[in-house]
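Have a look at the structure below before the remarks.
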Amino acid sequence: GENVEQHPSTLSVQEGDSAVIKCTYSDSASNYFPWYKQELGKRPQLIIDIRSNVGEKKDQRIAVTLNKTAKHFSLHITETQPEDSAVYFCAASGNTGNQFYFGTGTSLTVIP
Amino acid sequence: DSGVTQTPKHLITATGQRVTLRCSPRSGDLSVYWYQQSLDQGLQFLIQYYNGEERAKGNILERFSAQQFPDLHSELNLSSLELGDSALYFCASSAGWGYYEQFFGPGTRLTVL
């Protein structure tokens with residue numbers, strides 16, 4: 001089955017700096033890559049996603065890039081704010097049921 | 001609010017017991033997924049149902065079982081509970097098959113003493 005690895009496990013940045021989280025996946029058939037944000041004690045919520053026919057997608061301060069050849073994708077957060085502090089999960093999914101394989105999460109702390 | 005509801009919010013029980021967690025998907029969603037999140041751990045996929053049928057199985061123990069009913073709500077049954085089963089259990093729903101966002105419920109925190 002699919003195996004998703006996520007790095008780093010923890011990340012601290014100064015407010016205003018950029019944060020980058022990277023994920024790799026193993027199954028070349030995976031074609032949908034969502035990113036979820038989970039604040040402390042809350043449910044995971046989708047923040048951005050990308051499909052395999054797209055190399056990059058942006059939504060205000062958040063962007064995701066995908067390299068299908070290398071089987072890795074990354075989340076970029078620019079101009080970080082304290083409210084960006086949370087755990088971020090990447091996931092990969094194929095077209096055989098929408099089953100998500102999640103990475104182990106990155107705990108992001110934005111220092112004011 | 002994602003539109004996905006889970007009950008109960010908290011559950012405290014003893015080892016060896018059996019519990020049932022309930023999930024109601026968003027209106028119109030046909031797929032339901034169950035995940036386990038242990039302390040400081042990621043989201044472990046357990047099982048998926050689509051319109052009443054089991055469609056995918058992840059790392060679900062034999063002591064665990066689930067089903068999706070005709071009204072599309074789902075229940076996750078955990079039996080012969082062990083201390084290690086203490087975790088946050090999330091239910092998620094999506095509209096269907098393929099590239100669909102999964103909407104997560106608030107979770108049920110299970111504590112096994």
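Lettering of chains follows the sequences in order, A, B, ..., and the numbering in each one begins at 1.
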Q.
Less than 4.5 Å to any heavy atom of chain A: does that hold for the side chain of Q37(B), its backbone, both, or neither?
A. side chain
Q: Kindly compute the distance separating NE2 (H72(A)) from CD (E5(A)), expressed to the nearest 0.5 Å.
A: 13.0 Å
Q. Is chain B contacted by the side chain of Y36(A), its backbone, both, or neither, given a heavy-atom distance below 4.5 Å?
A. side chain
Q) More than 12 non-hydrogen atoms from neighbouring residues, nucleotides or ligands closer than 6.0 Å to NZ on K68(A), yes or no? A) yes
**Q.** P44(A), part contacting chain B, at a heavy-atom distance under 4.5 Å
**A.** both
Q | Part of Q38(A) lying under 4.5 Å from any heavy atom of chain B | A | side chain
**Q.** Flag for T65(A)-E56(A): side-chain donor and acceptor within less than 3.5 Å
**A.** no
**Q.** Face-on cation placement of R43(A) at F104(B) ring, 6.0 Å and 45° thresholds
**A.** no
